[in-house]
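Notes to accompany the following structure.
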Amino acid sequence: MSEDFFQGYRGSALEVLKKFNVRVWGQAVITTTRGNFNGTVLPRAVNDDDKHIVIKIVTGYNVGIDTDTILDMTETGYKKANYKIPEKEFPFTKNLPKVKLLGTGGTIASRLDYRTGAVIPAFSPGELYGAVPELAEICNLSTEKLFAVFSENMGPEQYKKLAIAIGKEIENGIDGIVIGHGTDTLHHTAAALTFMVQDSPVPIVLVGSQRSSDRPSSDAALNLMHATTAAGHGDIAEVLVCMFGPTSDEYGFLHRGTRVRKMHSSYRSTFRTIGDTPVATVTRKGVVPIKPVYNHRRKDNKVKILPYFEEKVAMIYYYPNMQPDMVDSLVDNGYKGIVIIGTGLGHVNKLLYPALKRACEKGVAVYMTVQTLWGYVHMFVYDTGRDLMAMGVVPAANMLPEVAYIKLGWALGQTNDLEKVKELMLKPVNDEITPREPYNGYLIYQGGVREVEEFVQKVRK
Ligand code: ASP
């Protein structure tokens, strides 16, 4: 640690603020051993340590400043943020569809950056209407907060509860469902719901936002408008993910719940369909399908809810020199299913073979997917692949690794019969395995907006 690190005032965040007479919500100029900062002092979040002062700088980003580095602080102004969203009664408009928003948490549910600890969930219909009044022109919205978690805390329990809640809404005659969700594991939940809620008569649209609504570049409002449009007016009655299409706010994409993945840690256009095209684009004017075949909206209230999940399933990402104890420990700990994310066409090193053989012999369901994400597992090409298959490792075609993990949990939740598990795994519910990838789709999706546009035009013809 450098010498100058300790030149600053040493004390807790509160002591430092007191010493320099700066208040929380004060606009402060801060001189540190590492340069000067200017921003609003934010309240401390529950999980923050007391050795940092967090300020919001003009770009909207939050910066944590180590109190040990602070040399001086001056308060130049004071402006307490208004946490209260004006609650307005969500108006009822005859002839607009009824949409239910089920909330699970994530950035989309927070009004101010959640890292400040100053989270207020914009969630009741009145709060949402206050924040995004355009929603009232799209649908008659009702809301229910099922969970308030960041999506890394979603799991089988929540998937099952969500599936059951969706079933109830459908039976009660809702026209469309929107699920507010953190973006990090949105695609896991989308896959889980695709398997747990089958033959839905209405769209089930998962939506999140990459940037909280206090940021000028937030995608929360637009994503919500697109998601409610797709849920209330769209004809695609499937589990879909609705997020930014291009990097600009021209349109959203609707992705099939089994083919979608978060591909960028900060872009708003982070969700991409892998191995296929998105199902449709959506603007506030409506949904425009890209794929010609999809499940159409129906008038009945029938749906199949299959809320099963075996939790003793794991996913292992192969890396060179992986040791067999990685596999052995899963088997010894009673895991019933393993999804391997293999290299290239679906490979692991020879070291693992005896461990995988033992796993298969002990009745563990072992499936192979690929790290490349695009393309298929091909285990017939090399001897090694054939050897793995002979041991009982099952190639999972072009199923995305996370989807294979979720599907294996769902399949093993229903049966221990490995033949039945295999049948369930390899029979697609909704395109988790496709017969082929779109021509040049992989190349084009690595490009920018223009290429995507050209591709979308070509596919539409
Ligand atoms: N960590 C957050 C979550 O996934 C991020 C987000 O909501 O976008 O819940």
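Order of appearance sets the numbers: ligands from 1, and atoms from 1 within every ligand. Residues take their numbers from the sequence shown, with the count starting at 1. What you see is a predicted model, and the numbers here were worked out from it, not measured in a lab.
- Listed by number with element, the atoms of ligand 1 under 4.0 angstrom from any heavy atom of Gly106 are 7 (O), 9 (O).
- At least one heavy atom of Ser209 sits less than 4.0 Å from an atom of ligand 1.
- Comparing Gly180, Ser151, Ser266 against atom 3 (C) of ligand 1, the shortest heavy-atom distance belongs to Ser151.
- In this structure, Lys51 does not pair ionically with Asp66, as no charged nitrogen and carboxylate oxygen lie closer than 4.0 Å.
- Residues that satisfy the side chain to side chain donor-acceptor pair (under 3.5 Å) test with Thr229, not counting sequence neighbours, are absent from this structure.
- Backbone and side-chain nitrogen or oxygen atoms of Lys262 are examined, and none is located within less than 3.5 angstrom of a nitrogen or oxygen of ligand 1.
- Relative ring orientation between Tyr294 and His296 is described as tilted, the plane-to-plane angle lying within the 30° to 60° band.
- Side chain to side chain, Glu238 and Asn430 meet the donor-acceptor criterion of an N or O pair below 3.5 Å.
- When heavy-atom distances to ligand 1 are checked against a 4.0 Å cut-off, His181 has no atom that comes that close, whether in backbone or side chain.
- Lys262 and Thr183 share a donor-acceptor pair across their side chains, judged by distance under 3.5 Å alone.
- Atoms of ligand 1 found under 4.0 Å from any heavy atom of Thr107 (numbered from 1 in listed order, with element): 5 (C), 6 (C), 7 (O), 8 (O).
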